[in-house]
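Down below is the structure, laid out as structure tokens.
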2 protein chains.
Amino acid sequence: MQDDQSLSTLSLAVLGLISEQSRTGYDIRKAFATTPIGHYCTSPGAIYPALKRMDACGWIVGSTANKESLRPKKVYALTEAGRKKLKQDVSQPVTREDVMYRMDHLLLRFAFMGKLVSRQKTAKFLTGMGAEIDSYVASLKQFQGEAGKQMPLHGVLAMENGIEGYQAHSRWTRRAIRSFNR
Amino acid sequence: MQDDQSLSTLSLAVLGLISEQSRTGYDIRKAFATTPIGHYCTSPGAIYPALKRMDACGWIVGSTANKESLRPKKVYALTEAGRKKLKQDVSQPVTREDVMYRMDHLLLRFAFMGKLVSRQKTAKFLTGMGAEIDSYVASLKQFQGEAGKQMPLHGVLAMENGIEGYQAHSRWTRRAIRSFNR
DNA sequence: AATTTCATGTAACCAGTTACATGATTCA
DNA sequence: TGAATCATGTAACTGGTTACATGAAATT
């Protein structure tokens, strides 16, 4: 995990959770298991190595409680570098690629923006996201118009599913912007 | 890739495309790059090894054209075992986990069902999918009701986005079922 | 003559999955 | 006292990413 690369979805989720409050690996696993936050790997084999990597990068620091015990509990806190990294990651402009295959990542970015960027910046993020979604929907509809005729029913329906999902995201975006301008 | 494991999304997409018609690795890359079919890796580093693995499993066979040339073109065709494997994979019951984090995989399964299972089975798949989505939406709303009050605006909005996306999928499911009963 | 498209691959790397391993504390 | 929960890790594996490498055929 290089410093300049963008965070994986798992790393983003972990770093975001720690940015809200200091947490142990177990706390994070519990959050993944019990809340609708990107519920991937609740497995220790993903989370503990990720924590280790981010510690090595200097984005989080682990303070060990119960040092004398055999299994000391490690509470990770966000560092200033970590806050910077997270802020930088969530602040990237929204690209077509984000919309095409990283919507979950995009929503995580939004979810953790609260304490990191201004309301204006958040509104701008949502505007950019809405614009990219709308432009992508337009291209999907164009494809539908061109290739749709010779596509089998299943393909046509699957495309409609995709378009309608994105349209729902687009509507949400507009509503969210209003709630930030209010 | 064991024979009994379920296909990765990439493998499903590749196998599905080959099930429609025999294709070369390049054809598949082109399909990923130019159609809205799960547009992941258009990179040869993912597709050629995947083809090799599926060939080794006996799901596809490559017939080499231009044998005398330095870079012979390999056209892959679906085998009977491959057709069985694909049919088995798309026919699995829809689980909560599929809905929670494999919606794209689910839609791919639907998209390739056309030539593999009966209209009744397809309608049943859609019914199951709709039921799982609705039940998941219900649980999300319950979470929203319980934890929503103490959640920050960003979290609340992100949850709404998720719920509305799933509701769009649910509406689509009902419409798709109608089009299969018609 | 140069560029694009067709066409297939490998090698190093890395993150996530699965399975295993260990042990303390709390609660019924 | 036994089960559930708290708590942290490692090891082997595997699939996908990035970058590299090659060269023919078609188009401009």
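None of these values were measured; they are calculated from a predicted model. Just so it is clear, the values below take in all heavy atoms, side chains as well, and ignore hydrogens, waters and symmetry mates. Reminder, nothing fancy here: chain letters follow the sequence lines and each chain counts from 1.
The side chain of Ser43(A) has dT18(C) as its nearest neighbour among dA19(D), dT18(C), dG16(D). Distances from the side chain of Ala46(A) to the nucleotides dT17(D), dA19(D), dG16(C) place dG16(C) closest. In the set dC6(C), dT18(D), dG16(D), dC6(C) carries the atom at the smallest distance from any side-chain atom of Lys30(B).
A residue-by-residue look at Arg29(B) and Gln5(A) shows that Arg29(B) has its nearest nucleotide of DNA chain C further toward the 5' end.
Contact record, Leu15(A) with Leu78(A): CD1-CD1, 3.7 Å, taken as the closest heavy-atom pair. Contact detail for Arg174(A) and Asp134(A): the closest heavy-atom pair is NH1-OD2, 3.8 Å. The minimum heavy-atom distance between Phe143(A) and Pro36(B), with the atom names listed, is CE2-CD, 3.4 Å.
Rounded to whole Å, atom P of dG15(D) lies 15 Å from atom CD1 of Ile47(B). The distance from atom CZ of Phe32(A) to atom P of dG16(C) is 10 Å, rounded to the nearest whole Å. dG15(D) atom P lies 14 Å from atom NE2 of His105(B), rounded to whole Å. Taking atom CG of Leu10(B) as the reference point, atom C1' of dT17(D) lies 12 Å away to the nearest angstrom.
Remark: the Ser19(A) side chain and the Arg83(A) side chain contain no N/O donor-acceptor pair separated by less than 3.5 Å.
The backbone N or O of Val75(B) lies less than 3.5 Å from no partner atom in the side chain of Ser22(B), so there is not a single donor-acceptor pair. For the pair Asp55(A) (side chain) and Lys52(A) (backbone), a donor-acceptor distance under 3.5 Å is absent.
Using a 4.0 Å heavy-atom cutoff across all strands shown, Ser8(A) reaches sugar-phosphate atoms only and no base atom.
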Inset, instruction - Using the side chain to side chain donor-acceptor pair (under 3.5 Å) rule, take Thr173(B) and Ser170(B) through it: C-alpha gap first, then chi angles, then the decisive distance, then the call. - result: CA-CA 5 Å; Thr173(B) 303; Ser170(B) 174; 5.7 Å; no

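At a non-hydrogen distance threshold of 4.0 Å, nothing from residues 87-104 of chain A comes into contact with DNA chain D. Within residues 48-57 of chain B, the residues that place at least one heavy atom under 4.0 Å from DNA chain C are, in residue-number order, Tyr48(B), Lys52(B). Only Thr24(B), Gly25(B), Tyr26(B), listed by number, bring a heavy atom of residues 11-27 of chain B to less than 4.0 angstrom from any atom of DNA chain C.
Not one side-chain nitrogen or oxygen of Lys73(A) sits closer than 4.0 Å to the OP1 or OP2 atom of dA24(C).
For residues 114-136 of chain B, every residue pair satisfying the ring pair (Phe, Tyr, Trp, His ring centres under 6.0 Å) rule, not counting sequence neighbours, is listed here: Tyr136(B)-Tyr166(B). A salt bridge (Lys or Arg N to Asp or Glu O under 4.0 Å) check over residues 138-160 of chain A, counting only residues at least two apart or in different chains, returns the pairs Glu160(A)-Arg175(B).
In this view, Thr122(A) and Phe110(A), Met113(A), Val117(A), Leu126(A), Phe180(A), His154(B) satisfy the side-chain contact (heavy atoms from CB on, under 4.5 Å) rule, not counting sequence neighbours.
Among Asp89(B), Asp98(B), Asp104(B), the single residue meeting the salt bridge (Lys or Arg N to Asp or Glu O under 4.0 Å) criterion with Arg109(B) is Asp98(B).
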